[in-house]
Amino acid sequence: MKRYILKFLHFFKKKDEHVTVLIFKDSGLGEVKARNVHHSTLKAFVIGGLSFLLFAIISFVAASLLFKERMTALKYLAENQMLKLKISEYNKKLSEIEAKINYLQEYEQKIRGLSKELKISPKYLPQGGKETSLDSLSIEKKLSYKDVEQRLRDADAIKKQLEEKEKSMADLMDTLNAIKLVVDSTPTILPANGWISSYFGKRVSPFGRGIVFHEGIDISLRPGTPIRATAAGVVVYSGWQQGYGRLVVIDHGFGYKTKYAHNSALKVKVGQKVKRGTVVALSGSSGDSTGPHCHYEIVIGNTSVDPLKFMKSNRIASLYSGR
């Protein structure tokens, strides 16, 4: 290697000499031409070539460094953009979680209100376990992409738990509504405040028919006293019927029906939906009656039962609490 370097340096020291250059026409052993090139010209050509090669190497190295720097910058920009997108996605999920929590809190209040109305113990809503503050889930500054991804996984887990809680609460609400439907459809009040002049069961007929079975109770009232539905239901009869006089019959579902007889006026029509406490008639003395009163019956299936067994309280006088 040293010998070649010395020859190369010796070549540049020569002056005013000609160098013979062989030019091959083809790549093989074809025609060969010889040209005499002045030493200075060849030296200039070699220096130019070396200078170009050096420039090319320096340019390549500089371009490589610049490319690497730009790629690093682009990678950082891309990662930063992805981080912003992840943070935006996380903040959106956090907002959804907050909205879901607020919804469930309102839902829980409805359940508690309904359970209180139905007088059911609140033990169906036990609470406990580990809690995570939403403030601790907020994004801090200089959070890494990996940290944000972990926060997203945590948010997904919390969201899933809330969805499961919502489903269980919805099931509970369905159950309570079913109970409420049964409760609302069960005749648990008397149709009017008054003195009970005849009870359910055997009695001496006021019309001279001997011992008969009375299928309801008679409530002595002033004429025109409002007669109220004792439970929610649908009116299936409103008109005159032999013995009952002006009669209203309400179907409450679940096999329950109630009858309100001897009225002076009817306030509902067949097919009309009524709630507990709706005025369905005014008291009177129509049909087989000895004076103004309301004959009230509860029928389960095809069997009449004692209405007093359905009362919420033994105090008969405290009838309709919503009045």
Side-chain angles (χ1 to χ4, degrees), residues 107 109-125 169-194 196 199-201 214-219 221 225-239 241 244 246-263 265-283 293-323:
Y107 203 0
Q109 289 304 315
K110 291 180 180 179
I111 290 176
R112 290 187 180 278
L114 183 55
S115 66
K116 185 176 180 180
E117 178 184 344
L118 297 174
K119 295 183 178 180
I120 297 176
S121 171
K123 291 180 181 179
Y124 62 85
L125 280 176
M169 291 176 70
D171 292 341
L172 178 58
M173 179 63 89
D174 290 342
T175 301
L176 290 176
N177 281 328
I179 295 173
K180 186 176 187 301
L181 180 62
V182 174
V183 170
D184 289 345
S185 302
T186 303
T188 54
I189 63 172
L190 290 179
N193 284 320
I196 297 178
Y199 288 88
F200 177 85
H214 189 217
E215 296 182 343
I217 60 173
D218 292 336
I219 305 172
L221 301 167
T225 300
I227 304 300
R228 301 177 184 272
T230 57
V234 179
V235 177
V236 293
Y237 188 87
S238 180
Q241 190 170 117
Y244 286 105
R246 293 183 179 87
L247 172 69
V248 173
V249 180
I250 300 175
D251 187 343
H252 305 282
F254 307 101
Y256 291 105
K257 287 183 181 179
T258 52
K259 297 181 180 181
Y260 313 80
H262 306 305
N263 301 292
L266 305 177
K267 297 294 184 179
V268 290
K269 297 179 180 179
V270 173
Q272 182 176 335
K273 293 182 179 180
V274 296
K275 297 180 180 180
R276 179 180 283 119
T278 300
V279 175
V280 296
L282 299 178
S283 64
H293 72 285
C294 174
H295 172 82
Y296 174 58
E297 291 183 26
I298 296 179
V299 180
I300 301 178
N302 294 317
T303 304
S304 296
V305 297
D306 187 355
L308 297 184
K309 292 182 178 181
F310 284 79
M311 298 302 101
K312 289 182 177 179
S313 170
N314 290 329
R315 293 170 55 194
I316 304 303
S318 59
L319 304 176
Y320 177 59
S321 59
R323 220 168 27 168

How far apart are the closest heavy atoms of [X] and [Y], and which atoms are they?
{"X": "Val268", "Y": "Val279", "answer": "CG1-O, 4.0 Å"}
{"X": "Ser304", "Y": "Phe200", "answer": "O-CZ, 3.7 Å"}
{"X": "Ala170", "Y": "Tyr107", "answer": "CA-OH, 3.3 Å"}
{"X": "Ile227", "Y": "Cys294", "answer": "CD1-CB, 3.8 Å"}
{"X": "Ala229", "Y": "Lys275", "answer": "CB-O, 3.6 Å"}
{"X": "Val248", "Y": "Ser238", "answer": "CG2-OG, 4.3 Å"}

Is any side-chain heavy atom of [Y] closer than 4.5 Å to one of [X]?
{"X": "Ile250", "Y": "Val234", "result": "no"}
{"X": "Thr225", "Y": "Ile219", "result": "no"}
{"X": "Leu190", "Y": "Met311", "result": "yes"}
{"X": "Arg276", "Y": "Ile189", "result": "yes"}

Non-neighbouring partners of [X] that pass side-chain contact (heavy atoms from CB on, under 4.5 Å), sequence neighbours left out:
{"X": "Val305", "answer": "Ile298, Ile300, Phe310"}
{"X": "Gln241", "answer": "Tyr237, Tyr244, Leu247"}
{"X": "Val236", "answer": "Val249, Asp251"}

How long is the span from the CD atom in Gln272 to the OG1 atom in Thr278, to the nearest 0.5 Å? 7.5 Å
By side-chain hydrogen bond (donor to acceptor under 3.5 Å, both in side chains), which residues pair with [X], not counting sequence neighbours?
{"X": "Ser283", "answer": "none"}
{"X": "His262", "answer": "none"}
{"X": "Asp218", "answer": "Arg203, His214, His295"}
{"X": "Tyr296", "answer": "Thr230"}

Will you find, in the side chains of Tyr256 and Thr258, an N or O donor that is under 3.5 Å from an N or O acceptor? no
Without placing hydrogens or testing angles, list every side-chain donor-acceptor pair under 3.5 Å for residues 173-182, not counting sequence neighbours.
unit_1 : atom_1 : unit_2 : atom_2 : d
Thr175 : OG1    : Asp171 : O      : 3.0
Asn177 : ND2    : Met173 : O      : 3.2
Lys180 : NZ     : Asp184 : OD2    : 2.6

Report the C-alpha separation of His252 and Thr186 in whole Å, then their side-chain angles, then the decisive distance to 0.1 Å, and conclude whether the side-chain contact (heavy atoms from CB on, under 4.5 Å) test is met. CA-CA 7 Å; His252 305 282; Thr186 303; over 6 Å; no
